[in-house]
Student: 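Questions regarding the structure given below will be posed in turn.
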Amino acid sequence: MSAVVPILMMCINSYPSSANGWNRFFFTYGNHYFHYLFLIPVYIVIVMDIVNDGPIMQYILPSLRLKRNWLFAKFVAVLLWSIVYTCATYGVSMQVAGIWGNGDAWSEYTLDGNDMYTLFYLNLLPKQAVLLFAVRFFIGLLFISALYISLQCITRRRSHTISIVVVVTYLALNIVMKIGNVPILRSIDISNLYVFHYESSYNLTWFLAQSNLPLSVIVLAFISVSMWLVKEADY
């Protein structure tokens with residue numbers, strides 16, 4: 001579903017004949033309503049199943065004796081799910097957009113500066129922009145899941161409601177305002193806004209690492225907190 005729905009959105013988007021598949025692609029994945037109201041919620045449903053010992057985890061729980069092993073298994077499962085979800089979400093859509101876009105070329109519509117979703121066209125090729133989008137999306141998924149798991153450990157897994165309310169509040173905050181433009185909140189921004197700050201003089205690899213480092217550090221902090229507190233959690 002994470003691959004089918006984006007493709008459907010790409011197909012139904014109304015663009016002039018001077019546009020191509022990349023305009024449809026970046027409209028779909030650059031749309032923060034689609035990002036926070038569909039892509040992330042679908043991901044969270046599976047994360048909740050993993051964290052709350054749903055059917056997915058029943059196959060491996062009997063072999064886990066220590067709480068840290070139990071938590072580590074959850075982080076591994078979430079990591080694998082995040083990789084699969086990112087590949088399914090971006091991989092198929094990127095191939096479709098590439099076919100519609102005649103490879104790795106911007107459309108006349110973009111080159112004329114008419115598309116607000118591809119205003120970074122002067123500095124990036126389509127597939128380079130996709131890379132920046134996909135990496136931030138993947139780390140954003142890890143941030144959401146690590147936040148949820150750490151809240152579960154903080155509450156000793158006695159209140160699932162608190163964890164999901166905090167996550168939903170965070171997503172709602174992203175919908176009503178672009179937190180990447182708020183200095184104090186920039187380090188917890190999981191949107192694609194940073195792509196628009198890329199300049200052609202930058203090293204792409206360095207920019208990618210530098211831009212996603214704060215969010216990655218926070219993810220590791222959440223994991224550390226969870227591993228420290230898990231001994232007090234009920235399971």
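Just so you know, residue 1 is the first one in the sequence shown, and it goes up from there.
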Student: Between Thr110 and Thr118, do the side chains contain an N or O donor and an N or O acceptor separated by less than 3.5 Å?
Tutor: yes
Student: Parallel under 30°, tilted from 30 to 60°, perpendicular over 60°: which one fits the rings of His32 and Tyr36?
Tutor: perpendicular
Student: If you round to the nearest 0.5 Å, how far is OH of Tyr194 from CG of Leu215?
Tutor: 10.0 Å
Student: Do Thr169 and Val165 pass the side-chain contact (heavy atoms from CB on, under 4.5 Å) test, and can you show the C-alpha distance, the side-chain angles, and the key distance before you say yes or no?
Tutor: CA-CA 6 Å; Thr169 300; Val165 165; 4.0 Å; yes
Student: When hydrophobic residues are tied together by side-chain contacts of less than 4.5 Å, even through go-betweens, does Val217 share a cluster with Leu185?
Tutor: no
Student: Establish whether Leu141 and Leu213 are linked, either directly or via other cluster members, by ILVMFWY side-chain heavy-atom contacts under 4.5 Å.
Tutor: no
Student: Would you kindly say whether Asn23 and Tyr109 are connected by a side-chain donor-acceptor distance under 3.5 Å?
Tutor: no
Student: Once you round to the nearest 0.5 Å, how far does CD1 of Ile218 lie from CD1 of Ile139?
Tutor: 11.5 Å
Student: Indicate the atoms forming the closest heavy-atom contact of Thr205 with Asn203, along with that distance.
Tutor: N-OD1, 3.1 Å
Student: Are the aromatic ring centres of Phe207 and His197 under 6.0 angstrom apart?
Tutor: no
Student: Could you check whether Arg24 makes a cation-pi contact with Tyr15, meaning its NZ or CZ is under 6.0 Å from the centre of the six-membered ring and within 45° of the ring axis?
Tutor: no
Student: Treat each ILVMFWY residue as a node, draw an edge where side-chain heavy atoms are under 4.5 Å apart, and state whether Ile40 and Tyr33 are in one component.
Tutor: yes
Student: Using the rule that two of Ile, Leu, Val, Met, Phe, Trp, Tyr join whenever any of their side-chain heavy atoms come within less than 4.5 Å, decide whether Phe138 and Leu193 are in one cluster.
Tutor: no
Student: With a 3.5 Å cut-off and no angle check, do the side chains of Asn52 and Gln152 form a donor-acceptor pair?
Tutor: yes
Student: Knowing that exactly one of Phe120, Phe196, Tyr117 qualifies, which makes a ring-ring contact (aromatic ring centres under 6.0 Å, His included) with Phe26?
Tutor: Phe120
Student: I need the Leu37 CG to Leu171 CG distance, nearest 0.5 Å.
Tutor: 8.5 Å
Student: Which word best sums up how the rings of Phe34 and Phe38 line up, parallel for under 30°, tilted for 30 to 60°, or perpendicular for over 60°?
Tutor: parallel
Student: Could you state the interatomic distance from OH (Tyr85) to OG (Ser145), rounded to the nearest 0.5 Å?
Tutor: 12.5 Å
Student: Does the pair Leu122 and Ser200 meet the rule for a side-chain contact (heavy atoms from CB on, under 4.5 Å), with working shown?
Tutor: CA-CA 8 Å; Leu122 289 174; Ser200 57; over 6 Å; no
Student: List the atom of Thr89, the atom of Ser93, and the distance in Å for their closest heavy-atom pair.
Tutor: O-OG, 3.3 Å
Student: What closest approach, in Å, do Gln128 and Asn123 show between heavy atoms, and which atom pair accounts for it?
Tutor: OE1-O, 4.4 Å
Student: Let me see the working for Tyr170 and Ile188 under side-chain contact (heavy atoms from CB on, under 4.5 Å), right down to the final yes or no.
Tutor: CA-CA 10 Å; Tyr170 171 76; Ile188 59 170; 4.1 Å; yes
Student: Does the ring centre of Tyr90 sit less than 6.0 Å away from the ring centre of Phe133?
Tutor: no
Student: Give, for atom CG of Leu208 and atom CG of Leu131, the distance between the pair rounded to the nearest 0.5 Å.
Tutor: 5.5 Å
Student: Working to the nearest 0.5 Å, report the span between NE2 of His35 and OG of Ser191.
Tutor: 7.5 Å
Student: On a heavy-atom basis, which atom in Tyr43 and which in Ser82 lie closest, and how many Å separate them?
Tutor: OH-OG, 2.7 Å
Student: For a quick test of reading the model, state the closest non-hydrogen atom pair linking Lys74 to Ile50 and the distance between them.
Tutor: NZ-O, 2.7 Å
Student: State plainly whether one hydrophobic cluster holds both Val176 and Ile184, where clusters connect Ile, Leu, Val, Met, Phe, Trp and Tyr through side-chain heavy atoms under 4.5 angstrom apart.
Tutor: yes
